[in-house]
Asker: 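Below is one structure. I have some questions about it.
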Amino acid sequence: MKKKVLVTGGTGFIGSHTAVELIQSGYDVAIIDNLYNSEKSVLDGIKEITGTMPLFEEFDLCDQIQLHNFLKSHHVDAIIHFAAYKAVGESVKKPLDYYRNNLLSLINLLGAMDKYDVPSLVFSSSCTVYGQPDKLPVTEDCPVKPAISPYGNTKQIGEEIIEQTMKAKDGLKAVSLRYFNPIGAHPSALIGELPRGVPENLVPFITQTAIGLRDELKVFGSDYNTPDGSCIRDYLHVVDLAKAHVVAVRRLLEGLNKKNYEVFNLGTGNGVSVFEAIKSFEKVSGVKLRYNVVGRREGDIEKIWADPSLANSELGWKTESTLDQAMETAWRWEKRIRNK
Ligand code: UD1
């Protein structure tokens with residue numbers, strides 16, 4: 001019997017890539033998404049890649065009754081929880097929306113897991129919980145710093161809620177995955193990132209500029225204490241990231257977890273500057289990018305990259321794609337959705 005994994009937010013960027021990897025690894029996938037930040041047509045992309053249309057229900061996880069009805073009528077073995085608001089800037093303007101949506105949905109989910117006997121949860125967390133770390137690369141035991149944005153705070157509080165629930169409830173187990181910067185798209189170019197409005201993140205802004213949707217990329221600061229003056233991040237291919245979710249869910253389903261709450265960094269271990277990211281894009285696309293250096297963006301961290309050795313040794317997972325490969329898939333996806 002195939003195990004069934006519920007993917008909340010499964011039509012979103014990371015969720016859709018994870019749904020594909022799960023199906024290709026022999027799992028049944030069910031998706032709940034309210035389509036707030038995604039489109040139903042993503043399901044067609046998943047079907048085209050895998051040959052399987054996942055079960056899909058459109059509703060909001062803040063609606064506890066709908067969630068309970070869903071779990072009453074569908075047996076699931078594990079949950080991967082992506083569904084959340086994720087725009088840092090928007091979260092500063094609408095903090096209550098972020099706290100209500102990101103935390104209430106998680107609380108509902110944890111309550112429903114307990115009630116309907118779904119023991120395993122994988123939670124989508126972020127390296128944002130580290131703030132600007134004192135020591136690089138960042139390991140999982142680096143202290144969590146006060147969050148700069150309400151979005152970041154929902155990830156910190158989310159992790160705490162899960163940790164305390166796992167302590168309180170025998171039989172439940174969870175893994176939080178702290179992502180560094182996911183970029184790229186499926187190599188088929190059938191699914192990818194679909195930012196709403198003007199993208200806040202670097203790579204969609206680069207590809208939208210290159211395709212002609214934006215005039216120029218603004219590089220936020222070149223006076224940081226880094227070799228070329230721009231900020232440093234750890235960019236990982238979304239397909240590599242998706243594969244880590246399959247491994248994490250299998251670890252829980254097969255009882256290979258060492259504690260009933262575990263945390264893993266997911267990154268490449270390499271720091272890449274904004275200028276290096278631009279160079280990589282220009283190399284793989286052959287497009288000269290229009291960009292201009294402007295002032296620093298409020299709230300930006302100077303430099304951060306992962307120490308992924310715990311995920312390497314415990315999960316047997318490591319990134320396979322290079323920055324160039326990730327950029328190339330991001331570009332292929334942008335061209336496909338703009339019919340170019
Ligand atoms: C942010 C969040 C992270 C969240 C991620 C995805 C923080 C500290 N980080 O990551 O938690 O998971 O978004 O939503 O809150 N840049 C430019 N010009 C642009 C856009 C970005 O120069 O137009 C630069 C930024 O200054 C940064 C780098 O590119 O140095 C990456 O930015 P971005 O893609 O927005 O990701 P983070 O800010 O690292």
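In this chain, residues are counted from 1 in sequence order. Ligands are counted one by one from 1 in listed order, and the atoms in each one are counted from 1 as well.
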Asker: Just need the protein heavy atom nearest to atom 2 (C) of ligand 1, so name the residue and atom and give the distance.
Answerer: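 Ranking protein heavy atoms by distance from atom 2 (C) of ligand 1, first comes Val88 CG2, 3.7 Å.
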Asker: By number and element, which atoms of ligand 1 are closer than 4.0 Å to a non-hydrogen atom of Leu217?
Answerer: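 Answer, ordered by atom number: 18 (N), 19 (C), 23 (O).
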Asker: Please identify which atoms of ligand 1 are closer than 4.0 Å to at least one heavy atom of Val219.
Answerer: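 By the 4.0 Å cutoff, the relevant atoms are 22 (O).
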Asker: Quick test of your reading of the model: are Lys258 and Glu262 salt-bridged, counting only N-O distances below 4.0 Å?
Answerer: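 A salt bridge is absent here (no side-chain N lies under 4.0 Å from a carboxylate O).
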Asker: At less than 4.0 angstrom from any non-hydrogen atom of Lys218, what atoms of ligand 1 do you find?
Answerer: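 Going through ligand 1 atom by atom, the ones under 4.0 Å from Lys218 are 17 (C), 18 (N), 19 (C), 22 (O), 23 (O).
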Asker: Tell me yes or no: between the side chains of Ser176 and Tyr261, is some donor less than 3.5 Å from an acceptor?
Answerer: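 Per modelled atom types, Ser176 and Tyr261 side chains form a pair under 3.5 Å.
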Asker: For ligand 1, which atoms have a heavy atom of Lys86 less than 4.0 angstrom away?
Answerer: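 Those qualifying, in numeric order: 14 (O).
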Asker: For ligand 1, which is the ligand I care about here, please tell me if Ser149 has any N or O atom under 3.5 Å from one of the ligand's N or O atoms.
Answerer: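 No, no N or O pair falls under 3.5 Å.
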Asker: Looking only at protein heavy atoms, which one is nearest to atom 30 (O) of ligand 1, and how far off is it?
Answerer: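 Minimum-distance protein heavy atom for atom 30 (O) of ligand 1 reads Cys231 CB, 2.9 Å.
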Asker: Looking at Phe180, I'd like to know if the NZ or CZ of Arg233 sits under 6.0 Å from its six-membered ring centre while staying within 45 degrees of the ring's axis.
Answerer: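 Negative - Arg233 is either too far from the ring of Phe180 or too far off its axis.
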Asker: Report the part of Tyr179 (side chain from C-beta onward, or backbone N, CA, C, O) that has a heavy atom under 4.0 Å from ligand 1; answer both or neither where that applies.
Answerer: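 The answer is neither; Tyr179 stays 4.0 Å or more away.
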Asker: Would you mind writing out the side-chain donor-acceptor pairs for residues 119-128 within the sub-3.5 Å range, not counting sequence neighbours?
Answerer:
{"residue": "Ser124", "atom": "OG", "partner": "Tyr179", "partner atom": "OH", "Å": "3.1"}
{"residue": "Ser125", "atom": "OG", "partner": "Glu159", "partner atom": "OE2", "Å": "2.6"}
{"residue": "Ser126", "atom": "OG", "partner": "Thr128", "partner atom": "N", "Å": "2.9"}

Asker: If you have a sec, work out which protein heavy atom is nearest atom 32 (O) of ligand 1 and how many Å separate them, to one decimal?
Answerer: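 Checked against all protein heavy atoms, atom 32 (O) of ligand 1 sits closest to Arg297 NH2, 3.4 Å.
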Asker: Looking at atom 33 (P) of ligand 1, what's its closest protein heavy atom, distance included?
Answerer: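 Nearest neighbour among protein heavy atoms for atom 33 (P) of ligand 1, to 0.1 Å: Asn201 ND2, 3.4 Å.
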Asker: Should we count NZ of Lys303 as having more than 12 external heavy atoms under 6.0 Å?
Answerer: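 Enclosed.
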Asker: Atom 28 (C) of ligand 1: which protein heavy atom is closest, and how many Å away?
Answerer: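 Here the nearest protein heavy atom works out to Tyr235 OH, 3.4 Å.
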Asker: Decide, yes or no, whether a salt bridge links Lys288 with Glu282 under the criterion of side-chain N to carboxylate O below 4.0 Å.
Answerer: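 The answer is yes: the pair qualifies as a salt bridge.
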Asker: Counting only heavy atoms closer than 4.0 Å, does ligand 1 sit against the backbone of Leu202, its side chain, both, or neither?
Answerer: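 The part of Leu202 near ligand 1 is both the backbone and the side chain.
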Asker: Taking all non-hydrogen atoms of both residues, which atom of Thr207 and which atom of Trp331 are closest, and how far apart?
Answerer: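 Closest heavy-atom pair between Thr207 and Trp331: O-CZ3, 3.7 Å.
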Asker: Taking only heavy atoms of Asp300, which atoms of ligand 1 are found under 4.0 Å from at least one of them?
Answerer: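 Within the 4.0 Å cut-off of Asp300, ligand 1 contributes 25 (C), 26 (O), 38 (O).
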Asker: Report the member of Tyr130, Tyr291, Tyr224, Phe220 with the shortest heavy-atom distance to atom 23 (O) of ligand 1.
Answerer: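 Residue with the shortest heavy-atom distance to the ligand atom: Phe220.
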Asker: Can you tell if the side chain of Trp305 reaches within under 4.5 Å of the side chain of Thr268, non-hydrogen atoms only?
Answerer: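 No - every pair of side-chain heavy atoms lies 4.5 Å or more apart.
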Asker: Are the side chain of Arg214 and the backbone of Gln208 linked by a donor-acceptor contact shorter than 3.5 Å?
Answerer: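 Side chain of Arg214 to backbone of Gln208, a donor-acceptor pair under 3.5 Å: no, none is there.
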Asker: Quick test of your reading of the structure: of Asn181, Val203, Val129, whose heavy atom lies closest to atom 36 (O) of ligand 1?
Answerer: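 The nearest heavy atom belongs to Asn181.
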Asker: Distance under 4.0 Å to a non-hydrogen atom of Thr128: what atoms of ligand 1 satisfy this?
Answerer: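 Counting from 1, the qualifying ligand atoms are 7 (C), 8 (C), 11 (O), 15 (O).
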Asker: Using ring centroids (six-membered ring only for Trp), state whether Tyr116 and His68 fall under 6.0 Å.
Answerer: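 Ring centroids of His68 and Tyr116 are less than 6.0 Å from each other.
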